[in-house]
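These notes concern the structure reproduced below.
Both counts, for ligands and for their atoms, begin at 1 and track the order of listing. Residue numbers count from 1 along this sequence.
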Amino acid sequence: MSPATDPARDQAPLRIAVTGAAGQIGYSLLFRLASGSLLGPDRPVELRLLEIEPALKALEGVVMELDDCAFPLLAGVETGSDPRKIFDGVNLALLVGARPRGPGMERGDLLSANGAIFTEQGKALNDVAADDVRIGVTGNPANTNALIALSNAPDIPKERFSALTRLDHNRAISQLAAKTGAPVTDITHMTIWGNHSATQYPDLFHAEVGGRNAVEAVGDQAWIENTFIPTVAKRGAAIIEARGSSSAASAANATVDAARDWLLGSAEDDWVSMAVVSDGSYGVPEGLVSSFPVTTKHGEWTIVGGLEIDDFSRARIDASVAELVEERDAVVELGLI
Ligand SMILES: NC(=O)c1ccc[n+]([C@@H]2O[C@H](COP(=O)([O-])OP(=O)(O)OC[C@H]3O[C@@H](n4cnc5c(N)ncnc54)[C@H](O)[C@@H]3O)[C@@H](O)[C@H]2O)c1
Ligand SMILES: O=C(O)C[C@H](O)C(=O)O
């Protein structure tokens, strides 16, 4: 049963760790969590905020602002730089803290810079998190960071880890809605496959617009290949180029969306995209953390089975999975897993 729906716990605050809490994403995420965006207006939350030592002063300022909101649901805030203290008894850990890429960098460039963070945090979660912990990784390279964390947490079931591809999923919905003139609420069954990187494959073949197949509704294969896929896959870079820093409010929003659906369940007759440990489905090697279409219920996810994958999709899924294999091999080489 999920930590959010277990009746015995319904009144107890959900203890949520956020790493990188003084960063850009943290500045949006913490206020969303404290205001009830995750579990609704009745469930209190307790925030456990992890930062590196030099950022603790800035984090103090953020906590002052949280205080100043007088959030009715905020049952407590603790800050610190020791993951073993901050993760103690947490039900949900949102691992955001990592260096973002700058202009001209690919997410893979962050592997060695950020990989070590997730070794230490995986070990700490393994030792001190609550038995029902769920761990969502937002910090990049998210899929491989999740792989590093879960590989260093042998006592936590691998299914409790996921990496964020919900931002890509939301971006894909928004692009398709704009193209077809449909409201975003009409777009269902969107899928992001593979890595949260430029190789990701946003798949319209199973998506629907108002119940109609999205490829038919669009009726423009050239747009799908030359506009839709690259726009979604390279959106992170476009935002860095325009803003001078990486997406933050939309990343925080997607982090909340993903955790909410994981804990409370995805919508009936729809699915969401999550990067989760592969069981070999759709030819993705077992053990890689790759994005799939999933349904969620009671804090568990299930990969949607039986979808037909044509040659166009197969080639794109394979390319993104090949990148994940390279990243995994690189972190093995670095001794991180
Ligand atoms: N998966 C996604 O969809 C997605 C979207 C946007 C950004 N991101 C990634 O999220 C991460 C954070 O982005 P941001 O814009 O908030 O960056 P940021 O630089 O503003 O903040 C990162 C914070 O992490 C902290 N930090 C670094 N090492 C830490 C550690 N060991 N423990 C705890 N905190 C630590 C830093 O002090 C900093 O405050 C980046 O890796 C970015 O690329 C992912
Ligand atoms: O692209 C990045 O580096 C940031 C983030 O992963 C994004 O997709 O916006």
Side chain to side chain contact (heavy atoms under 4.5 Å, CB included) between Leu92 and Leu38: does it pass, once the steps are laid out?
CA-CA 11 Å; Leu92 176 67; Leu38 183 67; 3.7 Å; yes

What part of Ile240, side chain from CB on, backbone N/CA/C/O, both or neither, has a heavy atom under 4.0 Å from ligand 2?
side chain

Ligand 2 to Ser246 polar contact by distance, N or O atoms, under 3.5 Å:
no

Output yes when the distance from some N or O of ligand 2 to some N or O of Arg171 is under 3.5 Å, and no in every other case.
yes

Checking a contact table here: which protein heavy atom is nearest atom 3 (O) of ligand 2, and how many Å away?
Arg101 NE, 2.5 Å

Report the nearest protein non-hydrogen atom to atom 8 (O) of ligand 2: residue, atom name, distance rounded to 0.1 Å.
Arg107 NH2, 2.7 Å

Which residue is it: Leu147, Val331, Ile148, Leu110? I am looking for the one with a side-chain contact (heavy atoms from CB on, under 4.5 Å) to Pro141.
Leu110

Which of these, Thr255, Asn253, Asp261, sits in a side-chain hydrogen bond (donor to acceptor under 3.5 Å, both in side chains) with Arg166?
Asp261

Counting heavy atoms only, which of Asp168, Thr165, Asn140 is nearest atom 5 (C) of ligand 2?
Asn140

How would you list, by chain and number, the residues with a heavy atom under 4.0 angstrom from ligand 1?
Gly20, Ala22, Gly23, Gln24, Ile25, Leu50, Glu51, Ile52, Ala55, Val96, Gly97, Ala98, Arg99, Pro100, Ile117, Gln121, Thr138, Gly139, Asn140, Leu164, Leu167, His196, Ser246, Ser247, Ala251

Charged N-O contact under 4.0 Å between [X] and [Y]:
{"X": "Asp127", "Y": "Lys123", "answer": "no"}
{"X": "Asp311", "Y": "Arg314", "answer": "no"}
{"X": "Lys85", "Y": "Asp88", "answer": "no"}
{"X": "Glu46", "Y": "Arg48", "answer": "yes"}

Partner set under salt bridge (Lys or Arg N to Asp or Glu O under 4.0 Å) for Asp270, not counting sequence neighbours
none

His206: what forms a side chain to side chain donor-acceptor pair (under 3.5 Å) with it, not counting sequence neighbours?
Asp203

Excluding sequence neighbours, so at least two apart, what forms side chain to side chain donor-acceptor pair (under 3.5 Å) with Asn195?
Glu323, Glu327

Would you mind running through ligand 2 and noting each atom that sits below 4.0 Å from a heavy atom of Gly236?
1 (O), 7 (C), 8 (O), 9 (O)

For His196, the ligand 2 atoms whose distance to one of its heavy atoms is below 4.0 Å:
5 (C), 6 (O), 7 (C), 8 (O)

